[in-house]
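Okay, structure first, notes after.
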Amino acid sequence: MSNFAKPENALKRAEELINVGQKQDALQSLHDLITSKRYRAWQKPLERIMFKYVELCVDLRKGRFAKDGLIQYRIICQQVNVSSLEEVIKHFMHLSTEKAEQARTQAQALEEALDVDDLEADKRPEDLMLSYVSGEKGKDRSDREVVTPWFKFLWETYRTVLEILRNNSKLEALYAMTAHRAFQFCKQYKRTTEFRRLCEIIRNHLANLNKYRDQRDRPDLSAPESLQLYLDTRFEQLKIATELELWQEAFRSVEDIHGLMCMVKKTPKASLMVVYYAKLTEIFWISASHLNHAYAWLKLFTLQKSFNKNLSQKDLQLIASSVVLAALSVAPYDQTRAASHLEFENEKERNLRMANLIGFNLEPKLDRGDVLSRSSLLSELVSKGVLSCATQEVKDLYHLLEHEFLPLNLAVKMQPLLSKISKVGGKLSSASSVPEVQLSQYVPALEKLGTLRLLQQVSQVYQTLKIECLSSMIPFYDFSVVEKIYVDAVKHNFIAMKVDHMKGVMLFGNLGLESDGLRDHLTNLAESLNEGRAMMYPPLKGASKLGEILPTLADTVDKEHKRLLARKSIIEKRKEEQERQLLEMEREEESRRLKLQKITEEAEQKRLASEYEQRKNQRILKEIEERELEEAQALLQEARSRKKGKKPLLEGEKVTKQSLMELALSEQLRERQEMEKKLLKLARTMDYLERAKREESAPLIEAAYQQRLVEERVLHERNQQLEVELSQQRHEGDLKEKNRLSRMLENKMSFQERVLHRRQSEYDRRTAEREEQISQMIQARKHEREAKRKKIFYVRSEEERLRKLHEEEEARKHEEAERKRKEEAERRAKLDEIAEKQRQRERELEEKERLRKEALLGRPAELPRPAEPRPVEPAVAAPVAAAAAAAAAAAPAPGKYVPRFRRGGAEPAAQTPPDLDRRASRPDDRPPPSSDRWRSDERKPPTFGGSKSSWSSSRVPSRGSER
């Protein structure tokens, strides 16, 4: 792949290659440039390169290259300049169409050319031998060689453009235009297969658009412009399908349009809906679905009458006649009467689909005869006034077939009406969407209906009838056709009859085993016996006869229906999964193939790159020199041929390429000027001739105009006289009718008085009842309001009482808490005072004991140190105070000798508190010098609250227990 510094260099290189005839190499170089990752930003030279690129693709018929290049260019300019992509695609389609037309013109020219030596010979020997070998004609062979390749390329062009623009919201108009041009291509060249493929492609594009809703540039179908483009495309598809007589594809197009309308929940314009129903009438008529055809005609008539303001009375009458005849053409019996349950379900589902397409909403639980039926359609025509808009012949035919009882001459009276109806029809001037209406298409169906009505009426009058007599009563059918008609009617239980060919008679009514009485005699006997048994032994209320006979029938039918629906959904899912797997396999295979091909090409290019470039450059230079030499020689020869008879060239004159080109240009300019002079002279001559013709034709035109005025005046007077006579006749008839009805005036007045009196009494009675009811309602509402007020008062009083109780309880709790707090403070103060007194007393006792010991040991008495008061913890103050109180009670008076045995009884009770107090007051924790008891107690640390010190649990109360 060649690397270019600028895109313009690649374009110049491609033009050089084109000049030397190497278009394939030029296309490859431009393709490498477009697919390169180096040029991903859009710029103006890329648009010129794309124009040249698509021109080369069209010349070489390289559709694959064109698709790859357009996809890459779409990626480049999608977000920057999408209009450039639009211009390139339009240029691409224009070139493809132009080449196809040129090929077609060339093939026609080859066919029309007289390339023979002998004008008396029909064909050349070579053509005869070739036709014998190939079996083709000359035109077929030329089409296959010249036209078919270009048509294939044009079709591939349309497919490529549609694939590129399928999910681009900015180029929806171009997508719609391409689809329309593809439809016209299929219509112009009768390409039915390609049309089916095109419809499937567009259908898949819409399905993918709804399936993948998270795409960035996805078109929005809720926008009015997008919806209108899609609807126009589908309606064009429907028109082309009907013109090509592809009725199945036309029906699928109708379903596409209906699905699109259901998807966006919007109804198209009235003009499009007229086209929709007009095409539906054609589709249903071709498919012999006369009932749906008649309903489609009814919707079409309603639309034309409501929205077409330019509709004339004649056109409205013709459309109404078509609606009535279409309704009469429906068979008078149900053709699915004897079908199985499965067929009946399928028929009901099909009718539901058809009704949705036509625009009648059916409930799925209803039967077909409940809504879409011949009887309901005819009654609707009468109620909506369609019958009153039809022609007089159609009205007479309707009354003859539906209301008259003429078993002998029904067909005879029908025949002149049918002959008149068959001549009615033609183009509509004001309803362009319905171009032509022909009532003659309904004549065979009406003849069949008339035969059925005649057989039905004859069966009600006669029991036997000769075949010859019946054949004379039905003039428009042979007896063989009549026999087929009545066999189908007997099959669907419309009439009961049989034919005895040996006697030549027809038997009607209750005859032989065909009689209902004999055929169902056992059933009638069983029903009579069941009725008698029910009278003797009445069944329980609520019992179902069908439930007794077939208790599980409903469950079985429901299960079977659900199983069929589940099977249908499973089959559809399997189909979708299989299609998806096939598509994935194709994509993977294509990616592998492209990857392998790319690797091979890159290896080959690397191997041959250097020497190929050298050889190519040398060859290009050589070819350019040869081409310039040939052009100079050709210009020299042309100049010499033109100079014959004129000033010859000098022998010694130096002839160059530039001088020859200037000479050729001067000759062309001179010839152009001469041609313009000739054309000017010819235009002047034509002007004089046209002026002379108009001067001669002016008096003739005036005379024709005067004669036309005279004829129009005579015709107007004749019509005026006829209208006066008709008015007089109508006036006389109205007077007779007035005289006939004047006799009933008295009866009418008396009847009116009775009706008014009865209605007045009924009105008074109802007024009194209404007033009484209103007064009762007022009293009830008063009682209700009073009860409501009492209830509200009670609720509010109860809430106020509860609130006061709550406030009192809160105040009481607050006072109780305050009282407890004060009591606790007083108790603590008393305890602190008692503890202080106890400590003072202990100090005095210690001092006395010390003085006593010193006196015993003979030491001089020292002055006592005043003991510094130490703060006592609250937790220790209580037990210390209790111990001090006990010691004070057992201690002897000061200065009195106490024996040892008396001191021992009081020591155990008071030994622990002094120790506890001494430990708390001594900073160094040293025991007294002369006390074994204190030494033994020093080894064991004092415990508070344990099992070894009983006084902590019995004598010293804790603060929590005091509380």
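Quick caveat, the model's predicted, so the values are computed rather than measured. Any value given below was found using the heavy atoms of this structure, including those in side chains, with hydrogens, waters and symmetry copies removed.
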Which of parallel (below 30°), tilted (30 to 60°) and perpendicular (above 60°) describes Y333 and F494?
tilted

Parallel, tilted or perpendicular: ring planes of W285 versus H293, cut at 30 and 60 degrees
tilted

Quiz question: by atom type and distance under 3.5 Å, do the side chains of R770 and Q773 form a donor-acceptor pair?
no

I would like to know whether H258 and Y276 meet ring-ring contact (aromatic ring centres under 6.0 Å, His included); could you show each step before the answer?
CA-CA 10 Å; H258 183 263; Y276 176 80; 7.5 Å; no

Look only at the side chain of S306 and the backbone of L303, and say whether a donor-acceptor pair between them is shorter than 3.5 Å.
no

Neighbour count >12 (heavy atoms, 6.0 Å) for atom CZ, F751
no

Regarding E711 and H716, do their side chains bring together a donor and an acceptor under 3.5 Å, going by distance alone?
no

Fit a plane to each ring of Y398 and H403, take the angle between them on a 0 to 90° scale, and name the class: parallel (under 30°), tilted (30 to 60°) or perpendicular (over 60°).
perpendicular

Atom CG of L446 and atom CG of L417: how far apart are they, to the nearest 0.5 Å?
10.5 Å

With sequence neighbours excluded, what pairs up with D232 under the side chain to side chain donor-acceptor pair (under 3.5 Å) test?
Q228

Value rounded to 0.5 Å, distance of OG in S472 from CD1 in I467:
12.0 Å

Salt bridge E762-R758, side-chain N to carboxylate O under 4.0 Å:
no

Distance-only side-chain donor-acceptor flag, T391 / Q317, under 3.5 Å
no

Which residues share a side chain to side chain donor-acceptor pair (under 3.5 Å) with E702, sequence neighbours left out
Q706

Can you confirm whether Q776 is buried at CD, in the sense that more than 12 heavy atoms of other residues, nucleotides or ligands lie under 6.0 Å from that atom?
yes

Salt bridge or not for R730 and E723, using N-O below 4.0 Å?
yes

Can the ring centroids of H290 and Y442 be said to lie less than 6.0 angstrom from one another?
no

Do S373 and S376 meet the criterion of a side-chain donor-acceptor pair at a distance under 3.5 Å?
yes

Side chain R234, main chain I257, donor-acceptor under 3.5 Å
no

Tell me which donor-acceptor pairs under 3.5 Å the side chains of residues 735-743 have, and how far apart each pair is, sequence neighbours excluded?
unit_1 : atom_1 : unit_2 : atom_2 : d
E737   : OE2    : R740   : NH2    : 2.5
N739   : ND2    : L735   : O      : 3.2
S742   : OG     : N739   : O      : 2.8
R743   : NE     : R740   : O      : 3.4

I'd like to know if E712 and R708 make a salt bridge, using a cut-off of under 4.0 Å between side-chain N and carboxylate O.
yes

N-O pairing of E404 and R453 below 4.0 Å
no

